Amino acid sequence: MAAVRRNIVTNAAARNAFVEGVKRLKAENVGVTTGQLGIPGTSKQLSTYDSFVVWHHRAMSEFTPTTQGDRNAAHRGPAFLPWHRHMLIVLEAQLQRVLADPAFGLPYWDWAKDGELPKTDQPKSALWKATAIGGDGDPTLGGAVPDGPFSDSTGWRLQVASDSNGVLRSVDRPLRRGFDVARGLPRKADVAQALARTSYDVSPWGSLSAGLRNRVEGWVPAASAPHLHNRVHVWVGGDMLPASSPNDPVFYLNHCNVDRIWAAWQKQRPTAAYRPPQTASTDLFRHRPDDPLYSIFDAGGNGPPLNQMLDVSSVYTYGSLAVA
Ligand code: CU1
Ligand code: CU1
């Protein structure tokens with residue numbers, strides 16, 4: 001039976017299960033050390049949760065093709081939505097396992113709803129309460145999150161993180177946030193503009209493309225201003241900024257909503273095809289339908305084919321597709 005993904009703000013059971021599940025994955029030794037993975041710094045055991053951070057960082061470092069510096073295996077290209085859909089499905093399965101609940105559905109954060117609030121009220125959303133997922137970082141603590149289930153006092157500590165040069169290093173420190181209150185979250189009208197795109201993606205298949213994917217990812221309309229998905233990363237700030245952003249469980253709540261927007265678009269436009277087609281240039285490897293999604297958990301870095309992510313109705317559904 002397909003899992004149902006629900007709103008984390010209005011569904012306390014889904015929220016509590018999510019928090020409990022990620023804490024169990026964080027406490028579970030995956031059996032690999034950072035040293036074995038060639039990650040610089042003091043070698044330490046990685047948790048199952050941390051292995052997803054490594055996966056995301058590596059996907060972001062894998063340029064497709066290697067001769068350019070824009071599109072990578074999971075971002076700034078058509079695979080952005082299917083790759084993160086796959087990542088969420090893999091995490092959701094791990095959460096179902098440690099929660100012993102095969103019906104568990106990853107919750108989403110409907111950030112465009114909070115985006116309708118005055119900017120100074122947005123950090124007061126119920127999501128950020130200590131009884132939910134904790135709030136903003138404390139500048140007097142170097143940006144560390146002081147309350148909630150991922151504060152230092154609960155034992156939630158980062159084991160791998162990007163340094164200022166983007167290199168993934170072994171670390172041992174608290175989770176950091178730094179809300180960009182002045183910028184504000186994306187609004188429903190922004191989501192509606194993305195949904196109005198008739199094409200999934202278009203040439204040049206990067207961060208300059210028009211089309212649904214790049215609107216949702218947030219490099220357009222103007223690359224200088226982050227929109228939708230990118231803006232949410234920037235708004236939360238701290239550890240949500242670099243390639244190691246899955247360190248903050250908010251990463252998954254954001255991406256679940258990003259995926260929900262794609263699902264809503266797919267439902268509105270059932271005849272709109274994924275683009276590019278398989279006949280596109282091999283420069284678009286990992287972004288064409290039959291290409292394998294990049295995965296560190298599969299031999300050769302080759303996960304399931306991208307096209308397996310285009311209809312996932314047997315895996316999960318959303319309690320609501322009201323996104324805009
Ligand atoms: Cu990502
Ligand atoms: Cu992201």
Side-chain angles (χ1 to χ4, degrees), residues 5 8 18 22 49-64 69-92 106-112 114-115 127 133 158 160-162 166-168 175-180 183 185-186 190-191 194 201 205-207 209 212-220 223 225-263 286-287 293-297 301 303 306 309 323:
R5 295 180 172 180
I8 192 165
F18 172 71
V22 295
Y49 188 91
D50 298 330
S51 67
F52 283 75
V53 180
V54 175
W55 179 17
H56 187 264
H57 185 278
R58 292 204 167 168
M60 215 154 166
S61 309
E62 177 115 340
F63 289 104
T64 53
D70 188 47
R71 185 174 55 243
N72 61 60
H75 306 86
R76 296 171 180 255
F80 171 73
L81 292 169
W83 186 87
H84 288 85
R85 178 169 280 182
H86 174 53
M87 186 194 198
L88 264 55
I89 288 172
V90 176
L91 182 88
E92 191 171 56
L106 196 64
Y108 60 85
W109 168 30
D110 185 1
W111 32 252
D114 291 350
L127 178 64
I133 65 159
L158 275 47
V160 284
S162 305
V167 175
L168 193 68
L175 175 68
R176 297 171 185 154
R177 291 180 187 143
F179 291 175
D180 191 346
R183 189 182 292 275
L185 288 163
D190 303 318
V191 178
D201 210 340
W205 320 106
S207 64
S209 296
L212 171 82
R213 184 275 309 170
N214 204 23
R215 275 277 173 161
V216 175
E217 188 170 2
W219 302 109
V220 289
H227 298 279
L228 297 180
H229 154 267
N230 283 343
R231 183 184 286 232
V232 176
H233 276 273
V234 170
W235 187 90
V236 176
D239 284 305
M240 271 285 272
L241 297 174
S244 53
S245 52
N247 267 321
D248 192 333
V250 169
F251 172 94
Y252 295 101
L253 308 178
N254 176 23
H255 274 277
C256 195
N257 198 51
V258 164
D259 187 72
R260 193 172 71 106
I261 294 168
W262 183 26
R286 296 212 185 277
H287 296 269
L293 293 165
Y294 176 75
S295 169
I296 61 169
F297 303 121
L306 185 152
M309 298 300 126
V323 295

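Worth saying up front: this structure is predicted, and the values here are computed from it rather than measured. Indexing begins at 1, ligand by ligand and atom by atom, following the structure's order. Atoms considered below: every heavy atom in the structure, side chains included; atoms not considered: hydrogens, waters and symmetry mates.
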In H229, the N/O/S atom nearest the Cu ion (ligand 2) carries the name NE2
Check: F297 ring centre within less than 6.0 Å of W55 ring centre
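Yes.
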Output yes when a side-chain donor or acceptor of R231 lies under 3.5 Å from a complementary backbone atom of R183, and no otherwise.
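Such a contact is found between R231 side chain and R183 backbone.
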Whether H86 side chain and P82 backbone form a donor-acceptor pair below 3.5 Å
no
Considering just N/O/S atoms, say which atom of H84 is closest to the Cu ion (ligand 1).
NE2
With a cut-off of 2.8 Å, does H75 place any N/O/S atom under that distance from the Cu ion (ligand 2)?
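It does not: H75 brings no N, O or S atom closer than 2.8 Å to the Cu ion (ligand 2).
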Under the side chain to side chain contact (heavy atoms under 4.5 Å, CB included) test against W219, which residue among H75, R76, H227 passes?
R76
